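All remarks here apply to the structure that follows.
This one's a predicted model, so the numbers in the text were calculated from it and none came from an experiment. The sequence lines fix the lettering, A, B, ..., with proteins before strands; numbering per chain opens at 1.
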Protein chains: 2
Amino acid sequence: MAVKTDDVHPNTASRQPLDRLDRKILSTLVEDATQSYAELGRKVGLSAPAVHERVKRLKRTGVIRKIAALIDGEAVDKNLLAFVHVDTSGWGKTPELLAVAEHPEVEEIHTVAGDTCLLLKVRARDARALEGLLARIYSAPGVIATRSYVVLSTYLERPPQPAHSVSWPVLEKWQANAGVSSQP
Amino acid sequence: MAVKTDDVHPNTASRQPLDRLDRKILSTLVEDATQSYAELGRKVGLSAPAVHERVKRLKRTGVIRKIAALIDGEAVDKNLLAFVHVDTSGWGKTPELLAVAEHPEVEEIHTVAGDTCLLLKVRARDARALEGLLARIYSAPGVIATRSYVVLSTYLERPPQPAHSVSWPVLEKWQANAGVSSQP
DNA sequence: ATAGTGGCCGAATGAAATTCGGCTACAACA
DNA sequence: TGTTGTAGCCGAATTTCATTCGGCCACTAT
């Protein structure tokens with residue numbers, strides 16, 4: 001599968017509703033984007049050129065944002081995962097605060113409704129690296145407080161799925177620890 | 001790039017320390033896994049078969065978990081993103097609670113250190129779907145309370161990066177809203 | 001009715017993955 | 001210090017696959 005990413009330009013505007021075949025294609029590609037178009041076509045009931053055309057459209061309209069390698073954070077010296085809530089006095093979308101996006105440790109930044117303004121997901125080498133990041137956050141004007149939730153263990157972590165997709169295998173350690181059953 | 005996912009079997013045990021070339025390969029593949037081995041080899045300074053061999057090893061040892069399509073959640077009827085904190089009386093890793101992993105809306109489940117036990121990331125169709133999920137969570141024994149943080153807008157959302165990787169482009173709406181600059 | 005269009009197929013072509021044999025550099029060991 | 005083994009690399013060869021092309025069918029609107 002060499003769905004070239006070159007032509008991925010989110011023409012979000014011209015988006016058609018996705019039919020059942022599109023969803024099936026997406027489900028399959030979310031699980032594994034390395035299969036051939038022939039194989040993919042066999043799974044969804046189309047010829048290789050037909051799925052090729054559909055995948056191109058899905059990429060052109062930005063439904064498929066990219067084809068990427070998903071890596072194990074712990075394997076690349078990112079052992080600490082934390083969620084950081086940031087409270088600000090004003091409405092916290094200052095450039096100084098949002099500039100934390102430049103740190104590769106910061107994986108997500110959201111504004112949320114609730115008792116806090118900003119919510120960050122941070123994957124860092126260790127506590128010291130997190131501390132440095134928090135220091136930078138506090139240095140931004142208007143920041144009143146932060147609350148960090150340090151992840152002890154992760155039981156599930158998967159990218160967005162289309163509705164009715166097959167499920168990501170629950171991590172082994174999770175199964176070992178909790179003996180969760182596999183079907184509802 | 002057809003790094004077949006078939007042979008991805010996380011032999012986490014036999015992991016060698018990653019050298020600079022491995023990291024460069026990872027950085028590149030995290031950005032775009034559709035490039036050819038020849039292209040990849042040119043970027044990191046190796047021949048195509050050489051990078052092929054390295055990528056196979058990275059997959060075999062589980063550093064690369066999978067090659068996947070990253071899709072736009074909003075394009076597939078997942079308009080609501082929320083983080084849910086779950087407080088439990090006991091130590092909340094009961095099978096009943098963890099069984100929410102079967103819902104494709106649940107993207108992440110972590111246990112955290114802080115004033116809560118469990119932290120979920122949920123991407124659902126709408127508030128009603130979230131409500132249904134919360135109902136299921138409350139039905140689990142030992143659940144005392146939940147606090148949901150509904151995401152208003154997302155400014156950054158990217159998968160884990162190897163250290164010193166190039167950064168994911170900040171979402172356009174973020175730039176438009178906040179005018180964040182691109183370099184530290 | 002009929003021209004236009006979107007989406008599909010099978011075959012053909014070109015590019016890329018994957019394999020293979022050999023080479024070099026380094027390490028363990030006698 | 002020589003020697004054997006091994007890990008990792010390269011270039012060439014093979015095979016598989018992405019991608020293109022022409023034609024067909026079904027549906028729509030004029």
Atom pairs, N/O to N/O, protein against nucleotides 22-27 of chain C, distance under 3.5 Å?
none

Item checked: Residue among A:L40, A:L26, A:D22 satisfying side chain to side chain contact (heavy atoms under 4.5 Å, CB included) with A:R54 -> A:D22
Next item on the list: Scan nucleotides 5-13 of chain D nucleotide by nucleotide, 5' to 3', and note B when protein non-hydrogen atoms come under 4.0 Å of the base, S if they reach only the sugar-phosphate, - if neither.
Entry: ----SSBB-
Checklist line | Backbone N/O of B:E108 and side chain of A:Y155: donor-acceptor pair under 3.5 Å | finding: no
Next item on the list: Following the transitive rule for hydrophobic clusters with a side-chain heavy-atom cut-off under 4.5 Å over Ile, Leu, Val, Met, Phe, Trp and Tyr, establish whether B:Y149 and B:V106 coincide in one cluster.
Entry: no
Checklist line | Heavy-atom side-chain proximity of B:T111 to B:C117 below 4.5 angstrom | finding: no
Check: When hydrophobic residues are tied together by side-chain contacts of less than 4.5 Å, even through go-betweens, does A:L156 share a cluster with B:I137?
Finding: yes
Note to self: I need the A:R158 CZ to A:L70 CG distance, nearest 0.5 Å.
What the structure shows: 13.5 Å
Next item on the list: State which of D:dC17, C:dA16, C:dT18 makes the closest approach to the side chain of B:Y37.
Entry: C:dT18
Notebook entry, point to check: Is the backbone of B:E31 close enough, under 3.5 Å, to the side chain of A:K66 for a donor and an acceptor to pair up by distance?
Noted result: yes
Notebook entry, point to check: When the C1' atoms of the five terminal pairs at each end define the local axes, what inter-axis angle does the helix from C:dA1-D:dT30 to C:dA30-D:dT1 show, to 10 degrees?
Noted result: 30°
Next item on the list: Measure from the ring center of B:H85 to the ring center of A:H85 and say whether it is less than 6.0 Å.
Entry: yes
Note to self: If you define the side chain from C-beta out and look only at heavy atoms, does anything of A:S153 sit under 4.5 Å from B:H110?
What the structure shows: no
Next item on the list: May I have the distance from B:Q35 (atom CD) to C:dA15 (atom C1'), rounded to whole angstrom?
Entry: 16 Å
Notebook entry, point to check: Would one find a side-chain N or O of B:H52 under 4.0 angstrom from OP1 or OP2 of C:dA17?
Noted result: no
Note to self: Quick check for you: to the nearest 0.5 Å, what is the distance between A:K78 atom NZ and A:E105 atom CD?
What the structure shows: 5.5 Å
Check: How many Å lie between CZ on B:R42 and P on C:dA15, as a whole number?
Finding: 14 Å
Check: What is the distance from CD1 of B:I67 to P of C:dA16, rounded to the nearest Å?
Finding: 18 Å
